[in-house]
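Values below: all heavy atoms of this structure, side chains included; hydrogens, waters and symmetry mates excluded.
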Amino acid sequence: MERLLIIDGHAYAYRAFYAIRELHSPSGQPTNAIYGFIKMAAKLRVSLKPTHWIVVWDGGLSAERVAALPEYKAQRPEMPELLKPQLDEIGDYLSASHIASFCQTGIEADDAIACIARRAETMNWMVIVASSDKDFMQLVSPRVGLFNPHDKTETVWTDEQVRAKTGVEPSQIVDWLSLTGDSVDNIPGVPGVGPKTAADLLRQFGSIEKLLNRLDEVKSEKLRGALHEVKETVRRNRHLVQLHDVACDVSLEEMAVKIPDAGRLGGLYSRWGFKTLLAELKETVSREHQPALI
C-alpha cells in the first residue's frame with residue numbers, strides 16, 4: 001500500500017537550525033540547518049518507510065486569515081539571518097535527491113499539507129504528516145496519522161493519541177482550538193477557558209455551534225458570561241483554525257521515492273564539507289553500481 005510522508009519544511013529547518021550550532025562549509029557559509037535537515041529526513045525515511053514523500057514550505061500568510069484577524073501570527077520573530085540562506089541550499093539538496101518539494105506564494109504550509117493529505121486519502125493511501133503543529137490533529141483519520149518530532153516515543157499519532165492529548169476527537173479539534181485559542185498563531189481564546197474546560201464543554205455539547213446555541217445550559221455563570229461576550233470571536237476562530245481548501249498543484253506520482261542524483265548530491269556534500277555524508281554516498285554508489293560521482 002502507498003504510504004505518503006508529508007514533511008513540514010520550515011518546522012524541520014528551524015528544528016535542525018537550533019539543534020546543531022556552529023557548523024560551516026569550507027568557504028565559511030553556515031550549514032547547520034542543512035546538515036540537520038538532511039539527517040532528519042533520512043531518519044524519517046528509515047523509520048516511516050514511505051513509498052512517496054514531499055516537503056511542503058510556507059508561501060506566506062493567508063490573506064483571508066489576516067483580513068479576519070490583522071494580528072494573526074504578527075508576534076512571530078523574523079527568521080534568523082543565518083537560517084535564511086540555508087533554505088535555498090536545502091532546496092538544492094531536495095532537488096538533487098529527487099524529493100518532491102512544494103511552495104506557493106500566499107499559501108500557508110498548513111493548508112497545502114492538508115490539501116495533499118486529503119487528496120492522497122481519497123486515493124486510499126496511508127498518510128503521515130511530520131510536524132509538531134497541533135493544527136494537524138484535525139486531519140487525523142483511519143488513513144492519516146501524525147509524527148510529532150517532540151514525541152520521544154516516535155509513535156505515529158492516531159485518534160487515540162489525539163484524545164489522550166486533548167480530551168476530544170480529531171473532528172472536534174477545530175472547535176477545541178477555537179475555544180482555547182492558539183498563542184503560537186496569536187489567536188485569542190475564551191478568557192478562562194483552558195484545554196480541560198474546552199474538552200469538557202465539547203464532550204457535553206458536541207460542537208461550538210451547539211454550545212453557543214445552548215449557553216443557558218452552562219452551569220458556571222462566569223463561564224456562561226465569558227462565552228456570551230466572545231461568541232463572534234469564537235466563530236471567527238473556527239475560520240482561522242480550520243485548514244482551508246487551496247490549490248496544491250502537485251501530482252501524487254511526483255512524490256514517489258526515487259533514486260537520488262548521486263553526482264549532484266556528491267557535489268553538494270563536497271561544497272558543504274559534509275565528509276561523512278559524502279563517504280556514505282560513495283559507498284552506496286559503489287555498492288549499487290551507480291554512475292561515478294563528480
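For the pair W157 (side chain) and V162 (backbone), a donor-acceptor distance under 3.5 Å is absent. With hydrogens and angles disregarded, no donor-acceptor distance shorter than 3.5 Å links the side chain of E89 to the backbone of I34. A donor-acceptor pair is defined here as one N or O able to donate and one able to accept, closer than 3.5 Å; such a pair exists between the side chain of D175 and the backbone of I208. The backbone N or O of T158 sits less than 3.5 Å from a side-chain atom of Q161, completing a donor-acceptor pair. A side-chain donor-acceptor contact under 3.5 Å links N32 to the backbone of F17. At least one donor-acceptor pair under 3.5 Å links the side chain of T51 to the backbone N or O of R3. Judged by distance alone, the side chain of S141 and the main-chain N or O of R143 form a donor-acceptor pair under 3.5 Å. No side-chain donor-acceptor contact under 3.5 Å links S97 to the backbone of I99. When atom types are taken as modelled, the side chain of Q172 and the backbone of S207 share no donor-acceptor pair closer than 3.5 angstrom. A distance-only check finds no donor-acceptor pair linking the side chain of H244 to the backbone of D110 [under 3.5 Å].
A distance of 4.5 Å separates CG of D8 from CD1 of I113, quoted to the nearest 0.5 Å. Here E280 contributes atom CD and T276 contributes atom OG1; the two are 6.5 Å apart, rounded to the nearest 0.5 Å. Separating the CG atom in L139 from the CG atom in L146 is a distance of 7.0 Å, to the nearest 0.5 Å. Distance check: F37 CZ to Q86 CD gives 12.0 Å after rounding to the nearest 0.5 Å. In this structure, K282 NZ and Y269 OH are separated by 13.0 Å, a value rounded to the nearest 0.5 Å. One distance of note links CG of L277 with CG of L268; it measures 11.0 Å at 0.5 Å rounding.
Two residues are said to be in side-chain contact when any heavy atoms from C-beta on lie closer than 4.5 Å; R76 and N186 fail this criterion. Using a 4.5 Å cut-off on side-chain heavy atoms (C-beta onward), P188 and R236 make contact. Side chains of D200 and R203 form a contact here, defined as non-hydrogen atoms less than 4.5 Å apart. Between E254 and I54 there is no side-chain heavy-atom pair separated by less than 4.5 Å. In this structure the side chain of E169 never reaches within 4.5 angstrom of the side chain of V140, judged on heavy atoms. Using a 4.5 Å heavy-atom cutoff, the side chains of I173 and V241 are not in contact. Side-chain contact check for V246 versus E108: every heavy-atom pair is 4.5 Å or farther apart. Here the side chains of L179 and L202 are in contact, with some heavy-atom distance below 4.5 Å.
A continuous path of ILVMFWY side-chain contacts below 4.5 Å connects V129 to M137, so both sit in one hydrophobic cluster. Connection of W272 to L83 is established within a shared hydrophobic cluster, with ILVMFWY side chains joined at heavy-atom distances below 4.5 Å, either directly or through further cluster members. When hydrophobic clusters are built by joining Ile, Leu, Val, Met, Phe, Trp and Tyr residues whose side-chain heavy atoms come closer than 4.5 Å, directly or via intermediates, L44 is grouped together with L265. Under a hydrophobic clustering in which Ile, Leu, Val, Met, Phe, Trp and Tyr are joined whenever their side-chain heavy atoms come within less than 4.5 Å, directly or via other members, L48 and V127 fall into different clusters. With hydrophobic clusters built from ILVMFWY side chains whose heavy atoms lie under 4.5 angstrom apart, V184 does not share a cluster with V66.
Atom CD of Q75 is surrounded by more than 12 heavy atoms from other residues, nucleotides or ligands within 6.0 Å. The local environment of NZ in K196 is sparse, with at most 12 non-hydrogen atoms from other residues, nucleotides or ligands closer than 6.0 Å. The environment of D249 atom CG is sparse: at most 12 non-hydrogen atoms of other residues, nucleotides or ligands sit within 6.0 angstrom. The number of heavy atoms from other shown groups lying within 6.0 Å of NE2 (H228) does not exceed 12. Within 6.0 Å of NZ on K258 lie more than 12 heavy atoms contributed by other residues, nucleotides or ligands. Heavy atoms of other residues, nucleotides or ligands lying less than 6.0 angstrom from CE of M79 number more than 12.
A salt bridge is absent between E209 and R238; no separation between the charged side-chain nitrogens and carboxylate oxygens falls under 4.0 Å. In this structure, E232 pairs ionically with R235, as a charged nitrogen and a carboxylate oxygen lie closer than 4.0 Å. K73 has no carboxylate O lying under 4.0 Å from a charged side-chain N of D58, or vice versa, which leaves the two without a salt bridge.
A donor atom on one side chain and an acceptor atom on the other are not found under 3.5 Å apart for H98 and R264.
By the 30° and 60° cut-offs, the orientation of the rings of H52 relative to W125 is tilted.
E121 meets the salt bridge (charged side-chain N to carboxylate O under 4.0 Å, His left out) test with no other residue; sequence neighbours excluded.
For D111 against R65, the heavy-atom pair with the smallest separation is OD2-NH1, 2.7 Å. Across L4 and A120, no two heavy atoms sit closer than the pair CD2-CB, 3.7 Å. Here the closest non-hydrogen pair linking A112 and I107 is CB-CG2, 4.0 Å. The heavy-atom pair separating A262 from L281 by the smallest distance is O-CD2, 3.7 Å. For the pair A13 and I90, the tightest heavy-atom approach, listed with the atom from each and the gap, is CB-CD1, 4.2 Å.
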**Request:** Check the pair F136, V144 against side-chain contact (heavy atoms from CB on, under 4.5 Å), reporting the backbone distance first and the verdict last.
**Result:** CA-CA 10 Å; F136 291 125; V144 180; over 6 Å; no
**Request:** Test I7 against M40 for side-chain contact (heavy atoms from CB on, under 4.5 Å), laying out the working first.
**Result:** CA-CA 10 Å; I7 300 173; M40 289 176 184; over 6 Å; no
**Request:** Please report the C-alpha distance between L240 and L177 in whole Å, then the side-chain angles of each, then the deciding distance to 0.1 Å, and finally whether the side-chain contact (heavy atoms from CB on, under 4.5 Å) criterion is met.
**Result:** CA-CA 10 Å; L240 296 171; L177 286 171; over 6 Å; no
**Asked** Can you check side-chain contact (heavy atoms from CB on, under 4.5 Å) on I6 and M255, steps first, answer last?
**Response** CA-CA 10 Å; I6 308 175; M255 298 181 278; 6.0 Å; no
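Residue V190 is tested with L227, T233, L201 for a side-chain contact (heavy atoms from CB on, under 4.5 Å); the sole match is L227.
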